[in-house]
Student: 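Attaching a single structure in structure tokens format; questions to follow.
Chain letters run A, B, ... following the sequence lines, proteins first and then strands; every chain starts at 1.
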Protein chains: 2
Amino acid sequence: MSDPVTRNRSRATADMVARTANVSRVAVSRAFNPHASIKPEKRDLILKVAQELNYTPDMAARSMVTGRSHLVGIIVPDVSGPWESQELDAMTTALQAEGFATLLFRTRDDLSLDETLLTYMKGFNPDSVIAYAENVRPTTLARVLDRAVPIYIGYPDEEVSEEEAAPLFDRLDVLQRDGIEQAVALMQGYGARRFAFLAGKTNSLATQSRGRMVRKILAERGLPPPILIQGDYMYDTAYRETLNQFRLGEPVDAIFAANDVGAFGAIDALRTELGLRVPQDVKVVGFDDIHQSHWKSYNLTTVKLDLTERTQALLRLILRRLKNPTSPSLTETVSTRLVVRGTVG
Amino acid sequence: MSDPVTRNRSRATADMVARTANVSRVAVSRAFNPHASIKPEKRDLILKVAQELNYTPDMAARSMVTGRSHLVGIIVPDVSGPWESQELDAMTTALQAEGFATLLFRTRDDLSLDETLLTYMKGFNPDSVIAYAENVRPTTLARVLDRAVPIYIGYPDEEVSEEEAAPLFDRLDVLQRDGIEQAVALMQGYGARRFAFLAGKTNSLATQSRGRMVRKILAERGLPPPILIQGDYMYDTAYRETLNQFRLGEPVDAIFAANDVGAFGAIDALRTELGLRVPQDVKVVGFDDIHQSHWKSYNLTTVKLDLTERTQALLRLILRRLKNPTSPSLTETVSTRLVVRGTVG
DNA sequence: TCTCAGAATGAACACGCTTTCATTCATCGT
DNA sequence: ACGATGAATGAAAGCGTGTTCATTCTGAGA
């Protein structure tokens, strides 16, 4: 009996279990493989002995022969962001339920994805890789990680050029039109005429698509095109740029933000610095519906992109591709809808 | 084709690199090990060929022989929480800088940590494990993960019983007294007399320690003991229980929350439902100083537990223990301090 | 020129596991 | 009772790497 710190007990191995239970090592392997053919009583005995010895199969050794690491690499630009962390949470939970462990990597502050990281990650042999860094090209991923098959998250509402560019990948299509249209309609219904679009990071495909969609819908409804407030998905930037827009530029009576956090910044700028009321003077709508959006101080009306739904769809694609690497490319679809709270009417 | 190496679609192996570069496979291994003795020109050649072949050493195979997986398991109850995700972000960033990859696991909704998860995680052979689930006993961790050495996060301000219980583990001591004392002093200075403590989850050591410390400091200053508002670190619960306290119980003129998110819930209950002003009618202080605390709608005065500092200290302990498993147990210390914003005076 | 220490080299082994594959065992239909 | 069928079994062959260890090479000092 040694003290807990200096104790260096080595892990139990299949050999030890086999010897203890008086069976062959192969039997131990089979006992832990549900589909292997082994006599039930024998399996029970082995599992019992294994538990006594605190034995767990070594995933590294296992992955060497099976070719499956049960690891899924996830790349996130900023784990601490509300949206990103909620996305990560949903995905990790879903992966865990399917028997995969999450291998988490964080990129630098911007959305850029350097190949050093990918190369390093490749060393761990992940069965699949999910890159939430939006600007990474699927082809880059495919080049560096020769085993992984990328999935392309597209916004088919927009021009089809992007669509044509990657027809061979699995696709997850996010239909943003419905939610955005409901949002614009609601704001217009409450008298909004002059719209601003509070954009996210310029290289984000999502923000680009949302901006184009807002412009298009405004045009369809006979409203002037939106004024661009250039944000980067962050609170501080949204706060500052909203201030600038109202002080140096033309005021608006409706702000459509590319994400919820940006909307919070805009709301706070309007209320605490500009003395304007939301929604009476300015209507605000966000995008995402993160947990914080129902906090009473904001009570944000926002376009919901259901994270559970989106994660499940993504996971379906991944698992199907993992099961059959050569099947033709698949497409899943998720939609958006407006969640009405208190920042419009 | 005459060259089977370039036509192979699967991962490049050290053997392929060796054959292509006309060197032995051992040389390839040495080229990737900085301390190995190999002629510099030879190493350069090998690294060049390796890059051309898109070769990366297989960490699974490497870990089998070295005994180091370069994996650190992290267990979090809820990745999507602001505090948890900011903690995870800091730790992942720090680990990545040290050459470790993060193996992320999520526990069920409560703080409980089931052994199935630990056993599963053990299969991946993590070099170390960080469990942010506060109620897990270090001894449980040590029992299931025979290789990992737990680090005990303690609050030495509190009674020493806990301290004695685990004197053999490495310790990270969080000194909460300074920050809490400053907070109470500030609130008292602005006229607060009747305090409430908005607690977190009951099984959280952190909230227990904070509660005891608040009680002690109030006593020292001749103030009545705090009224307990039982929360669970969540916004909704804090909102509801604060409402209950003011409607069904005795109103207070100061709320000390065990975490920032709870403080947000309390503030929103006071302002939007009870028609009270913060800080004029009720003073509120939080704990953590998460990113959201400086958002203008809250502008929360809070006790800051510096996450970077805490993460660095934790990492120092882990790395030292990894380097020398038999060295005597170490203790690192981090402190807290009040960040004054707008919810007190 | 010779000696010798230290650097460089490669064959062989080990890590812990799964998967053939050939063999034995139990079961069943006739 | 007797092959025939399928399930159960274990020996051996890897998976891709780092690490001995014995050997060869290199260069400096005498």
Student: Which comes earlier along DNA chain D counting from the 5' end, the contact point of A/A27 or that of A/A61, where each point is its nearest nucleotide?
Tutor: A/A27
Student: Check whether any side-chain nitrogen or oxygen of B/N33 sits under 4.0 Å from OP1 or OP2 of D/dT19, and answer yes or no.
Tutor: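 Checking D/dT19 against B/N33, a side-chain N or O does come within under 4.0 Å of OP1 or OP2.
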Student: Can the ring centres of A/Y55 and A/F32 be said to be less than 6.0 Å apart?
Tutor: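 When the ring centroids of A/Y55 and A/F32 are compared, they turn out to be within the sub-6.0 Å range.
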Student: Give the nucleotide from the list C/dC15, D/dG18, D/dA12 with an atom nearest to the side chain of A/V26.
Tutor: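 Minimum distance to the A/V26 side chain belongs to D/dA12.
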Student: Taking B/R316 first and then B/E98, would you say they form a salt bridge - that is, a charged N and a carboxylate O separated by under 4.0 Å?
Tutor: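 So B/R316 does not pair with B/E98 through a salt bridge.
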Student: Atom CD1 of A/I46 and atom P of C/dT18: how far apart are they, to the nearest Å?
Tutor: 12 Å
Student: May I have the distance from B/M16 (atom CE) to D/dT17 (atom P), rounded to whole angstrom?
Tutor: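 Interatomic distance, CE of B/M16 to P of D/dT17: 9 Å.
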Student: Identify the residue among A/T102, A/T92, A/D89 that makes a side chain to side chain donor-acceptor pair (under 3.5 Å) with B/R106.
Tutor: A/D89
Student: Identify whether any heavy atom of B/Y55 sits under 4.0 Å from a base atom; if not, whether one sits that close to sugar-phosphate; answer base, sugar-phosphate or nothing.
Tutor: sugar-phosphate
Student: For the pair made of CE in A/M64 and P in D/dG18, what is the distance, rounded to whole Å?
Tutor: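 Roughly 11 Å, once rounded to whole Å.
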Student: How many Å lie between NE2 on B/H35 and C1' on D/dG18, as a whole number?
Tutor: 14 Å
Student: As a test of reading the structure: which of C/dC15, D/dG10, C/dT9 is closest to the side chain of B/V65, going by heavy atoms?
Tutor: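 Shortest atom-to-atom distance from the side chain points to C/dC15.
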Student: Looking only at heavy atoms, what is the nearest atom pair of A/R43 and A/N33, with distance?
Tutor: NH2-O, 3.0 Å
Student: State which of C/dA8, D/dG16, D/dT9 makes the closest approach to the side chain of A/K39.
Tutor: D/dT9
Student: Does B/K42 have a side-chain nitrogen or oxygen under 4.0 Å from the phosphate oxygens OP1 or OP2 of C/dG10?
Tutor: yes
Student: Round to the nearest Å and state the distance from A/E41 atom CD to D/dA8 atom P.
Tutor: 10 Å
Student: Kindly point out which of C/dT18, C/dC17, D/dG10 is positioned nearest to the side chain of A/S24?
Tutor: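 So the side chain of A/S24 is nearest to D/dG10.
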Student: Base, sugar-phosphate or nothing for A/S29? Non-hydrogen atoms, less than 4.0 Å.
Tutor: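 The answer is base, as A/S29 lies within the cut-off (heavy atoms under 4.0 Å) of a base atom.
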Student: For A/D58 and D/dC15, what is the distance between atoms CG and C1' respectively, to the nearest whole Å?
Tutor: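 Taking atom C1' of D/dC15 as the reference, CG of A/D58 is at 13 Å.
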Student: Let's go through B/S80 and B/D78 carefully: what are the C-alpha distance in whole Å and the side-chain angles of both, what is the deciding distance for side chain to side chain donor-acceptor pair (under 3.5 Å) to 0.1 Å, and is it a yes or a no?
Tutor: CA-CA 5 Å; B/S80 71; B/D78 175 10; 2.7 Å; yes
Student: When the distance from CZ of A/F32 to C1' of C/dT18 is rounded to whole Å, what number comes out?
Tutor: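 It works out to 14 Å between those atoms.
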Student: Starting from P on C/dT18, measure out to CZ on A/R30 and report it in whole angstrom.
Tutor: 11 Å
Student: Answer with yes or no whether B/R25 presents, from its side chain, a donor or acceptor under 3.5 Å of a partner atom in the base of D/dG18.
Tutor: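 Under the 3.5 Å cut-off, the side chain and the base do form a donor-acceptor pair.
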Student: Side chain of B/S37 only, heavy atoms from C-beta on: which candidate in C/dG10, C/dA7, D/dT17 is closest?
Tutor: C/dA7
Student: Considering only D/dT20, C/dC17, D/dG16, which nucleotide approaches the side chain of B/T13 most closely?
Tutor: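 When the side chain of B/T13 is considered, D/dG16 is the closest of D/dT20, C/dC17, D/dG16.
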